[in-house]
Number of protein chains: 2
Amino acid sequence: MPTLADVGKAAGVSRGTVSNVFNRPELVRPELRQRVEAAARALGFGGPDPKGRLLRDGKFNAIGFMPPGAYAIAEVMRSPYGRELVLGVSLACDEAGTTLSLVNGTDNTRFASIREALVDGFILGHSGDIGLITSAQRRRLPFVILENDAGPDINSIKIDGRSGAVAAVRHLTGLGHRHFAILSIRRTPGPPIVHMPGQAERPLLAGFSLDDERLDGFKQGLAEANLSIDDVPIIETTPGDPSAGAVVFDNVPEATAILTMSDWQAITILDEAVRRGIEVPRHVSVIGFDGTAESARTTPPLTTVAQDVIGKGRLAARMVLDNQPPRQVVLPVELVVRASTAAPRAKIR
Amino acid sequence: MPTLADVGKAAGVSRGTVSNVFNRPELVRPELRQRVEAAARALGFGGPDPKGRLLRDGKFNAIGFMPPGAYAIAEVMRSPYGRELVLGVSLACDEAGTTLSLVNGTDNTRFASIREALVDGFILGHSGDIGLITSAQRRRLPFVILENDAGPDINSIKIDGRSGAVAAVRHLTGLGHRHFAILSIRRTPGPPIVHMPGQAERPLLAGFSLDDERLDGFKQGLAEANLSIDDVPIIETTPGDPSAGAVVFDNVPEATAILTMSDWQAITILDEAVRRGIEVPRHVSVIGFDGTAESARTTPPLTTVAQDVIGKGRLAARMVLDNQPPRQVVLPVELVVRASTAAPRAKIR
DNA sequence: CGAAATTCTTGGAGCGCTCCAAAAAATGGT
DNA sequence: ACCATTTTTTGGAGCGCTCCAAGAATTTCG
């Protein structure tokens, strides 16, 4: 690989001049410039190597996005929520002319990735592990934590998951529902986990803190209607598990309303309902979470706890780009009532 | 920002030792290691700056993705097709442990971006401009061109757009349709352009070469049924233009079948049809393109010319990651018949 | 025509790191 | 206690570039 110096030698000029030819051509006499360009072409030199500049100038002009927990980038891109989040981030990156690096932080490589990533700042999905934050702080780059409050010194953005969950339950109890199933998120790979009432280990503090918060919101909402979450079956599935619907219908046939933690899960339920000839909302009501674009397109359109996912991504990017004093932002959620919920009317079959 | 040397001085050891503490801790005596770690902590040194390593070792461990034409990353992320493409790329990146950099190549910064991007290879969306390719070649990094054949020396992946378009028309003419509208893609920002039959400038070679190819396929398919594309209105809209449906219905009310160039456009049509009380496929048949996941979820589910978008993205990434001799891949397409097409049955209204 | 003003070109310094050959220190055997 | 080994540590070289002050060449103008 030829370097500036090689080209300079070939053209009989100094490194500096060759550099100028590529970066500030107006500074160099046309005749000389042409000679340099010819030499560069002859040597197959395609412009200054960005590595050199980088060391000198020190800006990557990129921000990094790292998914929470052990999720891979592809898993993020597969979920409706993840796609909108990345879209929001990319919106801000476009505006700022910044590159968006999707950094893989699989398990044990997570901290190494943070140490090594070629970025000027981070958006970090956060599952609750403390190591992540110290790791990020060490790097001394602006960063923002998603879906977790990491204290007053650290940028964070989360949604008000609890209120959302409460609103979802209120809506359903208001409609007259008394028999629920909760579809929660399993944050480790593996098959669905079914927690029936009365079992010992209830997963009330098992997942990401956002999950716990929402579970707590469900609990509160149920309590308001004199119902106990301890009597409600909770099923945990990985975010896109296609069997979620089957597992719910098989294990909780008496449920007239299903609370989920993402639109994706709710969509899965809808699909399984169609397969089984179960009608939504006539036989069972289903409520999503996130309010992604997809939730409006399903049949029937989903009632869902909506948040501004795109706005969240965009804000996250802005926060690392702007590098202002740390803020802890809690974004509101809003129940969007569409057609997947109704008063319990018919028994299945 | 402290450096290796600073830490070394503070701990009374050499740069090299500090480097080892961070990169090959097993090489340094535990006692010394602790001293160094303490010094690092005291100075707030969070590990070797990746910039330095980079210059020394020269691998970014990242591949770049640049959208075609003047599209921004966010525009890619907005489209169902773009999302699946990026998903496919990220799948391969995950497997390879590589970072995926979404590089903005807006118009005039496009070539500069190629020169400067901190990546080991490129996936380049290609609109047909020759400068792009020379620019990429200059960088001497592996790259692959999407949706264009750039000759035998250059990696490229495209779909067989012509066959797909022909298949779409055949399906529709086979159903008995004689009155078409074509929804083509406007590749510059702006409002829809309506080309009615008989007008001078027909857009048969206006857009990306993929668009031209598909238009040509439509032409051929129509010709097989003794129909001339010159009699078919062609409307060009930007990919996600929400007014596309309205423009089509307003300008070509007599069409019983609408050919589009993406699922996204077809979905837009479906939405507008609902708004106007037009029934698909009873009043009008609509056919999509790409076969994205979204196309299966619409009401009614879309008949579409499907391609393996995820596979394409993945293959593209593999090609730049593997850096084998150049290949030109043409991916097959397949007509997936669902419920948005039927024999023309009812006149609208 | 020559000095002053202007335009171009030069090359040293330094960005932070890792590699590596060689020096230093520790260990082991006799 | 000494020498041969083995384990640790060292510091020079160099990765490719841009900046910048200073020097060289060219132009301008009285």
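Everything quoted here is computed from the prediction, not taken from an experiment. Letters A, B, ... mirror the listed sequences (proteins, then strands); counts begin at 1.
The nearest whole Å value for the distance from the NZ atom in Lys9(B) to the C1' atom in dG11(D) is 14 Å. Residue Leu55(A) contributes atom CG, which lies 7 Å from atom P of dG16(C) at whole-angstrom precision. Between the CD atom of Glu31(A) and the C1' atom of dA25(D) there is a distance of 12 Å, given to the nearest Å. Across the protein-nucleic acid pair, Asp57(B) atom CG and dC15(C) atom P stand 19 Å apart, rounded to whole Å. Rounding to whole angstrom units, NZ of residue Lys51(B) and P of dG14(C) are separated by 18 Å. Here the P atom of nucleotide dT9(C) and the CZ atom of Phe22(A) are 15 Å apart, to the nearest Å. The CG-C1' distance, from Leu4(A) to dC15(D), rounds to 13 Å in whole Å. Counting to the nearest Å, the P atom of dC17(C) and the CG atom of Leu54(B) are 12 Å from each other.
At least one side-chain nitrogen or oxygen of Thr17(A) sits closer than 4.0 Å to the OP1 or OP2 atom of dT10(C). Residue Ser19(A) has no polar side-chain atom (N or O) positioned under 4.0 Å from OP1 or OP2 of dC17(D). At the phosphate of dT9(D), OP1 or OP2 sits under 4.0 Å from a side-chain N or O atom of Arg29(B). Contact annotation: Asn23(B) reaches the phosphate of dT18(C) (side-chain N/O to OP1 or OP2, under 4.0 Å).
One finds a salt bridge joining Arg318(B) and Asp322(B) here, because a Lys/Arg side-chain nitrogen approaches an Asp/Glu carboxylate oxygen to under 4.0 Å.
Checked by atom type and distance alone, the side chain of Arg83(B) pairs as donor or acceptor with a backbone atom of Met77(B) at under 3.5 Å. Distance alone, capped at 3.5 Å, is enough to place a donor-acceptor pair between the Glu75(B) side chain and the Ala72(B) backbone.
Mapped onto DNA chain D by nearest heavy atom, Ala5(A) and Asn20(B) fall at different nucleotides, with Asn20(B) at the one closer to the 5' end. Taking for each of Gly52(B) and Glu26(B) the nucleotide of DNA chain D with the nearest heavy atom, the 5'-most of the two is the partner of Glu26(B).
Residue-level contact check: Leu32(A) touches the backbone only, with heavy atoms under 4.0 Å from sugar-phosphate atoms and none from bases. Backbone-only contact: Leu27(B) has heavy atoms under 4.0 Å from sugar-phosphate atoms and none from a base. Using a 4.0 Å heavy-atom cutoff across all strands shown, Arg53(A) reaches sugar-phosphate atoms only and no base atom. Within 4.0 Å of Phe45(B), counting heavy atoms only, lie sugar-phosphate atoms of the nucleic acid but no base atom. Within the 4.0 angstrom heavy-atom criterion, only backbone atoms of the sugar-phosphate kind lie near Thr3(A); the bases stay farther away.
Of the candidate nucleotides dC19(D), dT18(D), dT10(D), dC19(D) has the atom nearest to the side chain of Arg24(A). For Arg56(A), whose side chain is taken as the heavy atoms from C-beta onward, the closest listed nucleotide among dC19(C), dT18(D), dT9(C) is dT18(D).
When each of Asn148(B), Ile185(B), Ile159(B) is checked for a side-chain contact (heavy atoms from CB on, under 4.5 Å) with Leu210(B), only Ile159(B) meets the rule.
Considering only heavy atoms from C-beta on, Asn155(A) stays 4.5 Å or farther from Val320(A) through its side chain.
With hydrogens and angles left out, the side chain of Arg15(A) and the base of dG12(C) share a donor-acceptor pair within 3.5 Å.
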task = Go through Lys51(B) and Asp49(B) one step at a time and tell me if the salt bridge (charged side-chain N to carboxylate O under 4.0 Å, His left out) criterion holds.
result = CA-CA 5 Å; Lys51(B) 286 196 280 291; Asp49(B) 186 329; 3.4 Å; yes
